[in-house]
Amino acid sequence: MPGTVVVGLQYGDEGKGKIIDSLADRADAVVRFQGGANAGHTVQVGDDLYAFHLLPSGVLRRRTMNLIAAGVVVEPGQLLKEIDDTRARGHPVTNLRISDRAHVVMPYHKILDGLEEKLKGNLAAGTTLRGIGPAFEDKVGRFGIRMCDLIDPDVLRAKLEKIVPIKQRVIDAFGGTDRLDVEAIFRDHVAYGERLAPFVTDTAAWLDAALKRKKRILFEGAQGTHLCIDHGLYPFGTSSDCVAGAASVGAGVGPRHLSDILGVAKAFTSRVGAGPFPTEQEGEIAEHLRERGGGEYGTTTHRPRRVGWLDLVMLRMSVRVNGLTGLAVTKLDVLAGLDRVKVAVGYRAGGSAVKEFPASMRILSTCEPVYREFRGWPEMSEAEWIATARKGRRALPEAARKYLAFIETSLKTPIRIASVGRSRAATIGR
Ligand code: IMP
Ligand code: MG
């Protein structure tokens, strides 16, 4: 802090929610700056699990302000559902603000997401079908509706009357059968706007004032570096920028405020959705990672995640494009119980070494990982992991310590946090 950015280094689902939660108690504000309800951030408090898609992860801490910044696309019905559900569990959710510049995910975006995925065939990313891609397409195409429009019925009506017939033509042309009804969309969205209006404000101005008062701000990334629209697997990633620099753009604060960039990586690799995956495993290893992982099913889609060994080629790129100052490694406990643990330290393609993670999906799909093998470490109960975490990194099994040290040296970045279980207590270092 003052400005700490937390980003995912792989394909999302690295366990950012837990890391952010463990940092949030020292933050004055938590800011979501990109993505939308495609994200699924799991926060555990005691035995209670919360799965947020749009609400920033600090929302359960009453003294922490939570901002949904301009770079996020907001599905209003989903956000209201999260607010209502969280209130029903005893949290007031008065500590939330939404940027008046954030774009709104409309019902036709979800319809188009499904149609586009079908038309794309083998180019489909396997999206979350939350309308994220089409909402960002409309933002860039300047067909978008923003939060400031949603809360202004006259502007909303005028925009819908122009835009909806155009979207109907696109749906028809894409072979869709849905009929859009301007009146019904208007009615629903005026109601959403009325309920959300008290939260809508200029969040960048709020942040500027907070930074001037030396407040500590935590920027909460969603998805991960290799899902980033500019630097990730294309076209198999998401539609927003997921790297640390996006915190500056999406939140509307100058880059000099981003003083600390913490990257979160799982101790192995996993993803939901399509695309080449050089270290992907099937069979016994995959079963182990998926089942011990417990949560190796997408938070948003509940699809089983594809899993594989840790990939340092991927992570070297992630360290570079984010300009990391520190690492958090999660799910070290999930690897426990394996005899051998492998790590990809390089790739080979067509008989030669590949230096950098390739842009071309054709080349990436021919890459063969070069592995380094490590001795595994024994399984422990949750209570034993928590006891180990309490004593710190030195108390970890020797093989696990060696594994972490190798990652740290290879990536030339210090590991500041290691997570060995779901609960807050199963965290080493802060
Ligand atoms: P979209 O973001 O719904 O358009 O999906 C694009 C790709 O990103 C798909 O492969 C999704 O599975 C993946 N994806 C999007 N958001 C997340 C996330 O928060 N965690 C993991 N994968 C995600
Ligand atoms: Mg997730």
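For ligands, and for the atoms within them, numbers begin at 1 and follow the listed sequence. We use all heavy atoms of the structure for the numbers below, so side chains are in, but hydrogens, waters and symmetry mates are not.
With salt bridges taken as basic N to acidic carboxylate O contacts below 4.0 Å, one links Arg195 and Asp84.
Ranking protein heavy atoms by distance to atom 23 (C) of ligand 1, first place goes to Leu227 CD1, 3.6 Å. Summary of contacts: the protein heavy atom closest to atom 17 (C) of ligand 1 is Gln223 CG, 3.5 Å. Regarding atom 12 (O) of ligand 1, its nearest protein heavy-atom neighbour is Arg303 NH2, 3.1 Å. Atom 3 (O) of ligand 1 has its closest protein heavy atom at Thr128 OG1, 2.6 Å.
Heavy atoms of Arg271 approach ligand 1 to within less than 4.0 angstrom.
Any N or O atom pair closer than 3.5 Å counts here, and Ser239 shares no such pair with ligand 1.
Looking at Asp113 and Thr127, their side chains do bring a donor and an acceptor atom within 3.5 Å of each other. No donor-acceptor contact under 3.5 angstrom links the side chains of Asn95 and Thr64, judged on distance only. Between the side chains of Ser57 and Asp21, no donor N or O sits under 3.5 Å from an acceptor N or O. For Lys18 and Ser22, the side-chain atoms include no donor-acceptor pair closer than 3.5 Å. His226 and Ser318 share a side-chain donor-acceptor pair at under 3.5 Å. Residues Glu220 and His41 bring a donor and an acceptor atom of their side chains to less than 3.5 Å of each other.
Inclusion of Gly40 in the first shell of the Mg ion (ligand 2) is supported: an N, O or S atom falls under 2.8 Å.
Closest heavy-atom approach to atom 7 (C) of ligand 1 among the candidates Gly237, Ser270, Gly273, Ala124: Gly237. With Ile229, Thr127, Thr238 as candidates, the residue nearest to atom 5 (O) of ligand 1 on a non-hydrogen basis is Thr127. Closest heavy-atom approach to atom 19 (O) of ligand 1 among the candidates Gly17, Ala39, Gly224, Gly12: Ala39.
In Asp13, the N, O or S atom that comes nearest to the Mg ion (ligand 2) is OD1.
Near Ala125, the atoms of ligand 1 lying under 4.0 angstrom from a non-hydrogen atom of the residue are 9 (C), 10 (O). For ligand 1, the atoms sitting less than 4.0 Å from at least one non-hydrogen atom of Asp13 are 20 (N), 21 (C), numbered in the order shown with element in parentheses. Ligand-side atoms of ligand 1 in range of Gly126: 9 (C), 10 (O), 11 (C), 12 (O), range being under 4.0 angstrom from any heavy atom. Atom numbering of ligand 1 starts at 1 in the shown order; those under 4.0 Å from a heavy atom of Tyr11 are 21 (C), 22 (N).
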Sequence neighbours excluded and cut-off under 3.5 Å, please list the side-chain donor-acceptor pairs for residues 162-173, or say none.
{"from": "Lys167", "atom 1": "NZ", "to": "Asp138", "atom 2": "OD1", "distance (Å)": "2.6"}
{"from": "Lys167", "atom 1": "NZ", "to": "Asp138", "atom 2": "OD2", "distance (Å)": "3.2"}
{"from": "Gln168", "atom 1": "OE1", "to": "Leu180", "atom 2": "N", "distance (Å)": "2.7"}
{"from": "Gln168", "atom 1": "NE2", "to": "Asp172", "atom 2": "OD1", "distance (Å)": "2.9"}
{"from": "Gln168", "atom 1": "NE2", "to": "Asp178", "atom 2": "O", "distance (Å)": "3.0"}
{"from": "Asp172", "atom 1": "OD1", "to": "Arg179", "atom 2": "NH1", "distance (Å)": "3.4"}

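In this structure, Arg89 is positioned above the aromatic face of Tyr50, its NZ or CZ under 6.0 Å from the six-membered ring centre and within 45° of the axis.
Contact check for Lys412 versus Val319: no side-chain heavy atoms found under the 4.5 Å cut-off.
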